[in-house]
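Working notes, beginning with the structure itself.
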Protein chains: 2
Amino acid sequence: MKSIKDIALKANVSIGTVDRVLHNRPGVSERTKKKILKIIEDYNYTVNPVASILASKKTYTIATLLPENISSDEFWESPKQGIANAIEEIKNLGFLINNFHFDQFSSNTYIDAFHKMIDSKPSAVLIAPIFNKETRDLIGLLENQNIPYVFINTETEGLNNLSFIGQDSFKSGLLAGKLMNWVLPKKAEILIIEIRKDISNYTSINNRINGFRDFFKTSKKSIAIHNLHFDHVENSETLKNQLDNYLSKYPNIKGIFVPSSKVSTVAKIVESLDKKDIEIGGFDTTNDNIKYLKNGTVDFLISQNPVQQGYDGIKLLFNFLTHQIKPEKHYFSPIEIVLKENVDFL
Amino acid sequence: MKSIKDIALKANVSIGTVDRVLHNRPGVSERTKKKILKIIEDYNYTVNPVASILASKKTYTIATLLPENISSDEFWESPKQGIANAIEEIKNLGFLINNFHFDQFSSNTYIDAFHKMIDSKPSAVLIAPIFNKETRDLIGLLENQNIPYVFINTETEGLNNLSFIGQDSFKSGLLAGKLMNWVLPKKAEILIIEIRKDISNYTSINNRINGFRDFFKTSKKSIAIHNLHFDHVENSETLKNQLDNYLSKYPNIKGIFVPSSKVSTVAKIVESLDKKDIEIGGFDTTNDNIKYLKNGTVDFLISQNPVQQGYDGIKLLFNFLTHQIKPEKHYFSPIEIVLKENVDFL
DNA sequence: TATATTTTCGTGTACGCACACGAAATTAAT
DNA sequence: ATTAATTTCGTGTGCGTACACGAAAATATA
């Protein structure tokens, strides 16, 4: 393994000079700079990050801003796990993490946490920009201080985020359509159930629905697709009654598509209605969803590997801060098909 | 962050003494040892691995033994990529890699490469034990020298491998059965095509077939499942003729299951026979397979994320060598469902 | 008590790099 | 040519740890 010393030796300069060109510091003539860069190239030299970190007592702090865990939606547990994994790897390389949380049903808590995050003066931040408008209002605070930020899970167009890590919602909806079509008997009708107590992921969910419908449109299967929308999820009795009525009114509905992680809520009701011939598909491998997948009430789930999203987000910031490696503007998360048969192997 | 120096200061000893108790080296009286341990406890001290790695000039070399790339089967490209990724991460931590290759159709080259690998005196090895018998014959050479070894992709029972990283073949076959059942119209018959020019993965392939059949057995679908076996793949004309004859003889065959990565070979023939109503499913996302998946000739592939397998194998050895972390005996690779709609997002 | 032996510990150097300080070389000003 | 100003570069120290060497202290042997 070649070191700075080897480069200096070969170039007939001191290690200080090599150090200067490595860090683009002034004080080196063009001539010697070229010479040294050539040798670095030839030797295929890269700085030893271990020694580098030890020498520079620099410490970076990354802040994260994600929804807090609530019992009814432990989806965010996963990216947090990925973040934790990444931090475990880099904590000894001078990295600290600072997690901020907000209530995903209250934009005020988001604004509040956003400010607190900025007050902590992080080197970079990772945000799940659930609230579109508020994010646009606040993002200037980060840009003023030149704090790089990456978005995760929820896309927000038109901002200067370093990167976005998330699924192509339209395509994942399209895939859901294909799977639903496979699962259903001919001539069956489909019901799309939106449960939007949260306004979160608004565009994502719409895109999923668009993709889903697009599958049936382009494959020229003329299938009736119904829509049901619930604002509240608390009162599961009303929900149950409404769904029961609707299914009775349209007995040809044999498939339910839930374009969010609220699959288990629907599955629970369908199970209690004892409608065994109804197939259900939806998103995200939360524990509850997996439960109904395993017992057969839910037929398929589509996952985006949220653990990986969190991990990648941190690693990306790490590489950017330490090696100035500019990430892609958009990292597409996998669109994983999860069935009863492979749910144990993810 | 407390350092060794702080501990030494507090304990009224030199850093050398602290170092001794940290590494459980002899030469420290019980009394001072206890004292130092107490302070370490109080200070909540942990060694700084960065400095530790820098100071210990220890270098490990990991050897790998995998089939070489041949144009007709670039499957092994993937785990090699994963290995390369892992090495990139740990090369600065004193790790070197030494890759050995063999011809997957010639056990002699395997034996030869195996010996060369041992001669290189590696700290640990990662093997794709394609040749069962030869592996059992040679494994003693590793054990004599106490060289830890992990298996990848192909399971070999009853040996003292540190770990095995690979798919549950039976379960993946079962899943293939489910998918095939979804894809096929009622009453269709199925043909399983084995192309075993290579004797590799013998048990894996059998397990996949067993799993596949098991799906139809337990789900009580009485479907006729045919079997066709080809030893050679070179002469694609004979292969084509044989397949043509067979399909003509059994016109109800609407699904072909290829329990190996040789899906594209079959797909090519089916395409040239212009049998558009035949659905094909198989394994592994090689470039050729993906090509036929995208153009619709192949309906589904099952992947085991071979890139990840290579990556995990090296990381696992790294953790074992540096931190004495004993891995699980068996890491199950994911069973990924790959369709036209999600193949671009893996 | 004097000497040998063993146990216990302190010192010094190295790992590869970052960065400050100041010296040498070059160029400009007089 | 002399001095001043500027550019270019070399040296030294420290980051926290590993480890070899040898010295001091404790204990054993005579």
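We name chains A, B, ... by the order of the sequence lines, and we start the count at 1 in each one. Remember, predicted model here, so these are calculated numbers, not experimental data. Basis for what follows: all heavy atoms, side chains included, without hydrogens, waters or symmetry-related copies.
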Across the strands shown, which category fits B:N12 at heavy-atom distances under 4.0 angstrom: base, sugar-phosphate, nothing?
sugar-phosphate
Choosing from D:dC15, C:dC15, C:dC17, which nucleotide comes nearest the side chain of A:S3?
C:dC17
Atom-pair distance (CD1 on A:I53; C1' on C:dC15), nearest Å:
15 Å
Whole-Å distance separating the CD1 atom of B:I7 from the P atom of C:dC9:
16 Å
ring-ring contact (aromatic ring centres under 6.0 Å, His included) partners for B:Y311, two or more places apart:
none
Check: B:L93 and B:K91 side chains under 4.5 Å, non-hydrogen atoms
no
For residues 36-63 of chain B, which residue pairs qualify under salt bridge (Lys or Arg N to Asp or Glu O under 4.0 Å), counting only residues two or more places apart or in two chains?
B:K38-B:D42
Please report the distance, rounded to the nearest Å, between CG in A:N48 and P in D:dT17.
17 Å
With a 4.5 Å cut-off on side-chain heavy atoms, are B:M117 and B:I127 touching?
yes
B:T32 vs C:dT8: side-chain N/O to OP1/OP2 distance below 4.0 Å:
no
Consider only side-chain N and O atoms of B:N161 and B:K329, and report whether a donor and an acceptor are under 3.5 Å apart.
yes
Indicate, with a heavy-atom threshold strictly under 4.0 Å, whether A:V13 touches base, sugar-phosphate, or nothing.
sugar-phosphate
Distance check needed: D:dT17 P versus B:I4 CD1, whole Å only.
5 Å
Under 4.0 Å from any atom of DNA chain D, heavy atoms only: list the residues of residues 33-47 of chain A that qualify, in numerical order.
none
State, without any angle test, whether A:N85 and A:E89 hold a side-chain donor-acceptor pair at a distance under 3.5 Å.
no
Is A:Q304 close to A:I335 at the side-chain level, that is, under 4.5 Å between some pair of heavy atoms?
no
Can a donor-acceptor pair be found between the side chains of B:Y149 and B:E143 at a distance below 3.5 Å?
yes
Quick one: B:N92 CG to C:dC17 C1', roughly how many Å, whole number?
12 Å
Integer-rounded Å distance: C:dC15 P and A:D6 CG:
11 Å
Between protein and nucleotides 19-23 of chain D, what N or O pairs are separated by less than 3.5 Å?
from, atom 1, to, atom 2, distance (Å)
D:dC19, OP2, B:R25, NH1, 2.8

Enter the inter-axis angle for the ends of the helix from C:dT1-D:dA30 to C:dT30-D:dA1 (five pairs per end, rounded to 10°).
60°
Using the benzene-type ring in the case of Trp, are the ring centres of B:F164 and B:F151 under 6.0 Å apart?
no
Which of the following nucleotides, C:dT8, D:dT11, D:dG16, is nearest to the side chain of B:L54?
D:dG16
Polar side chain donor-acceptor pair, B:T135 to B:Y110, under 3.5 angstrom:
yes
Under 4.0 angstrom between B:T17 side-chain N/O and C:dT8 OP1 or OP2
no
Sort and list the pairs that fulfil salt bridge (Lys or Arg N to Asp or Glu O under 4.0 Å) and have at least one residue in residues 5-18 of chain A, not counting sequence neighbours.
none
Check: A:D19/A:H23 side-chain N/O donor and acceptor closer than 3.5 Å:
yes
Roughly how many Å is it from CZ in A:R31 to C1' in C:dT26, rounded to a whole number?
12 Å
Rounded to whole angstroms, how far apart are NZ on B:K5 and P on C:dG10?
16 Å
So does A:S52 get a side-chain nitrogen or oxygen closer than 4.0 Å to the phosphate oxygens (OP1/OP2) of C:dA18?
yes
